[in-house]
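A quick write-up on the structure given underneath.
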Amino acid sequence: MTISESDRVEAITPKLVEIPADWFLMGSNSGQDVERPVHRVWVDAFGLAATQVTNDEYARFLRATHGEAPPSWHDPNFNHPQQPVVAVSWFDAVAYCDWLSSITGSQYRLPTEAEWEFAARGGTEGKLFPWGDDPPPSRPRYSERWKTGPEPVGQSEPNAFGLYEMCENVHEWCSDWFAADYYSVSPDRNPRGPEKGARKSSRGGSWRHHIKISRCSTRSSIPPEFHYADYGFRVVRDFV
């Protein structure tokens, strides 16, 4: 991808949180079948964006690449500059990562399911949510939030790693293909999902679900070409 110097200065370099390399227990025995078996996984260190990609950030990508805006781009429920961009397909999210890589000289991509879950847990083991085991309605202002769309990013209390809106606001695309039985064959170091599939994995809760904050281990998936108004993403930067 060729980027002009004028386009280069428009990018917003995401604020990254360094996630340390470590082992963790992935999955849950109290969740859905696709979250089992619980298995110990190693992930290398990586940088994860503190927040979901915003409309402001995505607008710069659209201007630089003359790309097509998401279907909800002009809807006032979804177009505040600091709301997460939504209704982007998996292919759109990957294209954004490729563009950001090309203009910064760093390698950006979507997180794997394993990286996302490890980051969401914030260094804790066996807890249902980033804050512990108390149910979502116990969170401040839970009943007042997310009436017509996602909130601007950075509104919630960050988890122990300093990440905002993990498990809430919008589903976040992951790099992996989805397979319901993948945990039974997953490698124990840096798993990246099956080689092929029909659906891409996603993680996190959604503003429009009845239960709006997901457990750390909750898995979801849709076909990569879909544009849903509760789907966004955040980026990873590799350190090597």
Side-chain angles (χ1 to χ4, degrees), residues 14-32 34-53 84 90 93-94 97 106-134 136 153-154 156-194 200-206 213-221 232-240:
K15 178 184 176 182
L16 295 172
V17 174
E18 184 170 351
I19 309 299
D22 207 348
W23 293 96
F24 80 105
L25 287 174
M26 186 173 182
S28 173
N29 286 321
S30 60
Q32 299 177 333
V34 296
E35 299 169 46
R36 293 190 283 272
V38 175
H39 54 297
R40 187 162 290 277
V41 168
W42 171 270
V43 290
D44 291 338
F46 60 99
L48 184 63
T51 65
Q52 296 148 352
V53 173
W90 182 87
V94 169
C97 293
S106 299
Q107 185 60 47
Y108 288 93
R109 57 177 174 80
L110 296 176
T112 65
E113 281 201 83
E115 289 169 335
W116 195 99
E117 184 172 328
F118 177 61
R121 292 184 179 281
T124 64
E125 290 254 282
K127 300 297 184 181
L128 295 176
F129 302 99
W131 61 84
D133 291 330
D134 292 338
V153 302
S156 298
E157 181 180 352
N159 74 356
F161 281 154
L163 301 165
Y164 295 87
E165 284 85 46
M166 295 297 284
C167 299
E168 62 185 77
N169 221 24
V170 294
H171 295 302
E172 299 181 24
W173 287 113
C174 292
S175 60
D176 316 39
W177 288 108
F178 178 82
D181 60 352
Y182 182 66
Y183 286 7
S184 63
V185 297
S186 169
D188 62 2
R189 300 184 72 90
N190 300 307
R192 300 194 176 276
K200 282 292 184 177
S201 297
S202 56
R203 290 300 189 105
S206 162
I213 304 178
S214 72
R215 291 172 292 103
C216 295
S217 60
T218 301
R219 304 178 71 199
S220 51
S221 67
F233 66 104
R234 75 178 73 209
V235 300
V236 161
R237 195 190 82 190
D238 289 322
F239 289 135
V240 293

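- Phe161 CZ to Glu18 CD: the interatomic distance, rounded to the nearest 0.5 Å, is 10.5 Å.
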Arg36 vs Asn29, side-chain contact (heavy atoms from CB on, under 4.5 Å): CA-CA, chis, key distance, verdict: CA-CA 6 Å; Arg36 293 190 283 272; Asn29 286 321; 3.9 Å; yes
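- Side-chain contact check for Val41 versus Phe24: some heavy-atom pair is nearer than 4.5 Å.
- Relative to the ring axis of Trp177, Lys200 places its NZ or CZ within 45° and under 6.0 Å from the centre.
- Checked by atom type and distance alone, the side chain of Trp131 pairs as donor or acceptor with a backbone atom of Asp134 at under 3.5 Å.
- Without hydrogens or angle criteria, His171 side chain to Ser202 main chain gives no donor-acceptor distance under 3.5 Å.
- At least one donor-acceptor pair under 3.5 Å links the side chain of Trp90 to the backbone N or O of Cys174.
- Residues Leu110 and Val94 share a closest heavy-atom pair of CD1-CG2, 3.9 Å.
- Rounding to the nearest 0.5 Å gives a distance of 5.0 Å between CD of Gln52 and CG of Asn169.
- The two residues Leu128 and Asp133 make their nearest non-hydrogen contact at N-OD1, 2.8 Å.
- Counting all heavy atoms, side chain and backbone alike, Val235 lies closest to Cys97 at CG1-SG, 3.8 Å.
- Using a 4.0 Å cut-off between charged nitrogen and carboxylate oxygen, Arg215 and Glu35 count as a salt-bridge pair.
- You'll find the side chain of Tyr164 stays beyond 4.5 Å of the side chain of Val153, heavy atoms only.
- Around the CD atom of Glu125, the shell of radius 6.0 Å holds more than 12 heavy atoms that belong to other residues, nucleotides or ligands.
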Verdict with reasoning, Arg40 to Met26, per side-chain contact (heavy atoms from CB on, under 4.5 Å): CA-CA 6 Å; Arg40 187 162 290 277; Met26 186 173 182; over 6 Å; no
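- Put simply, the side chain of Glu165 gets close to the backbone of Gly154: a donor and an acceptor are under 3.5 Å apart.
- At distances below 3.5 Å, at least one donor-acceptor pair connects side-chain atoms of Glu117 with backbone N or O atoms of Gly27.
- A donor atom on one side chain and an acceptor atom on the other are found under 3.5 Å apart for Trp42 and Asp44.
- The pair Arg203-Glu172 does not meet the salt-bridge criterion, since no charged nitrogen lies less than 4.0 angstrom from a carboxylate oxygen.
- No hydrogens or angles considered: nothing links the side chains of Ser175 and Thr112 as a donor-acceptor pair under 3.5 Å.
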Test log, rule side-chain contact (heavy atoms from CB on, under 4.5 Å), inputs Cys216 and Cys167: CA-CA 6 Å; Cys216 295; Cys167 299; 4.2 Å; yes
Stepwise side-chain contact (heavy atoms from CB on, under 4.5 Å) test for Leu16 and Leu48: CA-CA 5 Å; Leu16 295 172; Leu48 184 63; 5.9 Å; no
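- To the nearest 0.5 Å, atoms OH (Tyr108) and CZ (Arg234) are separated by 14.5 Å.
- The side-chain tip of Arg219 does not point at the ring of Tyr182 from less than 6.0 angstrom away and within 45° of straight on.
- Without hydrogens or angle criteria, Asp176 side chain to Ser201 main chain gives no donor-acceptor distance under 3.5 Å.
- Contact annotation: the side chain of Glu113 never approaches that of Pro191 to less than 4.5 Å [non-hydrogen atoms, C-beta and beyond].
- In this structure, CG on Asp238 lies 9.5 Å from OG on Ser106, to the nearest 0.5 angstrom.
- For Ser221 (side chain) and Phe178 (main-chain N/O), no donor-acceptor pair under 3.5 Å exists by modelled atom type.
- Listed here is the closest heavy atom pair of Leu163 and Ala49: CD2-O, 3.6 Å.
- The closest donor-acceptor contact from the side chain of Asn159 to the backbone of Pro130 lies at 3.5 Å or more, if one exists at all.
- Taken from CZ in Phe118 to CZ in Phe46, the straight-line distance is 7.0 Å, to the nearest 0.5 Å.
- Between Ala179 and Pro194, the closest heavy-atom pair is CB-CG, 3.9 Å.
- Put simply, CE on Met166 and OG on Ser214 are 9.0 Å apart, with the number rounded to the nearest 0.5 Å.
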